[in-house]
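Whatever order the structure lists ligands and atoms in, that order sets their numbers, starting from 1. Scope of the values below: all heavy atoms of this structure, side chains included, with no hydrogens, waters or symmetry mates.
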Amino acid sequence: MTIHDSALTITDLRKSYSGVPAVRGVDLNIEPGEFVTLLGPSGCGKTTLLRCVAGLERIDHGRIALGDRVLSDARTGQLIRPARRNVGMVFQNYALWPHMTVEQNVMYPLRMRGADRRTARTTARTTLDLVELSRFAARPVGNLSGGQQQRVALARAVVAHPDLMLFDEPLSNLDASLRESMRQYVIDAHRAAGCLSVYVTHDQSEALSLSDRIAVMFDGTVRQTGTPNEVYRRPADQRVARFLGFDNFLEGTVVTVDGDRAEVQLTGPVRLVATPTAPIVAGDAVQVGVRSNHFEIIPDDDAPADSNEWSGVVRRVRNAQSVVDLDVHCAGATLTVRVLDVARGDATVSRAEGDAIRVRVAPEFAVVLPSAEQSTADVPVTAGVERGA
Ligand SMILES: Nc1ncnc2c1ncn2[C@@H]1O[C@H](COP(=O)(O)OP(=O)(O)O)[C@@H](O)[C@H]1O
Ligand SMILES: [Mg+2]
């Protein structure tokens, strides 16, 4: 199918509900065959953006095209109906036909396109193989578990060779243990469809493990796009960083910049060699972000280093199942330090309140972000009330 060589182009897309903006100017290009995730907190506009692509919403501004084919254009008023977009969709709540069998659900899109019953049945069976449910073909779909029902929904979405696949939090209703094993079915469905996919989630680990590329959304805008590795290691600003698990932010001033390393003087005596995520120059006020699990606890007898090292006192110990979080007070800062290898009972790891402790972070795990004032300056204040998702 030649249409699978088409990229999805979203240009300056805007959509409001009763005057309250939900999507406020999104540009996004998705390549043929690519799996792109919209990642962001509840209410940031992910579903709205997806519904615009599906043709379920009329857009206020901008344009959506698949290759040369214009799907929505606010200027001309063009709106290709959802049924004519040839989209495979998977929703959080499965949205199956409850009175039909597994097989009838999967046959449905084929029958709608005029396939005869026998052909539709054969194709449905093959597609059910993909999600390992052929043996349940004749069961009423309501008798299946949630995970199995979602696998039926995946099969139904790919069975008619869609031109694009749209997923809206398909795993969010499932138990945590099941969610991870379901990821493989999502990938398999995407590959079987052979088209591009847009996947919506608020779960960073899902986004990181599934995607070719991630678009991080806040307040109806895309704040950063990049590969999982780029987004995870080089968040564009503090908000993205926080959403992706950075939990230490230290104020400082840039002293020197040299390629992909910058030296930052923190408020306090510590100098830090860190990695810039955006252009910076000496003198800039910045924030340095570090994930609590990226601190290393240094044995007491190690020689002190020139940079990237703090001496402090453990002020609070928070025990979780397999990790311990320490609040460490150092000159000018409180660090949250996560001790991962608790089971090992490492004797060099101080973790009682009042203990002296030394911690270190490698330059590649300390990212230099624009200071909080700068990074929020270009974000419009959210108008109206958030209604939840
Ligand atoms: N049908 C609707 N009517 C009015 N407001 C809506 C509607 N759908 C979504 N919104 C609002 O638009 C914003 C974005 O919602 P949504 O796209 O569902 O976000 P997400 O999927 O990221 O949680 C939210 O403030 C939400 O309350
Ligand atoms: Mg949503």
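- Residue-level proximity to ligand 1 for Ser18 is absent, since no heavy atom of it falls below 4.0 angstrom.
- With respect to the salt-bridge test (charged N to carboxylate O, under 4.0 angstrom), the residues Arg63 and Asp73 qualify.
- Between Tyr199 and Phe167, the two ring planes are tilted [angle within 30° to 60°].
- Asp325 and Arg316 are not joined by a salt bridge, as no carboxylate oxygen comes within less than 4.0 angstrom of a charged side-chain nitrogen.
- Close approach of ligand 1 to Thr48 is summarised as follows: ligand atoms under 4.0 Å from at least one heavy atom of the residue are 14 (C), 15 (O), 16 (P), 17 (O).
- For the ligand labelled ligand 1, residue Gly220 lies outside the 4.0 Å heavy-atom shell.
- The Mg ion (ligand 2) lies at 2.8 Å or more from every N, O or S atom belonging to Thr48.
- Shown here is Asp116, whose CG atom has more than 12 heavy atoms of other residues, nucleotides or ligands within 6.0 Å.
- Between Arg239 and Asp219 there is a salt bridge, since a side-chain N of the basic residue sits under 4.0 Å from a carboxylate O of the acidic one.
- Distances shorter than 4.0 angstrom do not occur between any heavy atom of Gly40 and any atom of ligand 1.
- For residues 48-96, there are no ring pair (Phe, Tyr, Trp, His ring centres under 6.0 Å) pairs, not counting sequence neighbours.
- Counting atoms of ligand 1 from 1 in the listed order, those under 4.0 Å from a heavy atom of Pro41 are 22 (O).
- Proximity to Ala22 (heavy-atom distance under 4.0 Å) selects the following atoms of ligand 1: 12 (O), 13 (C), 14 (C).
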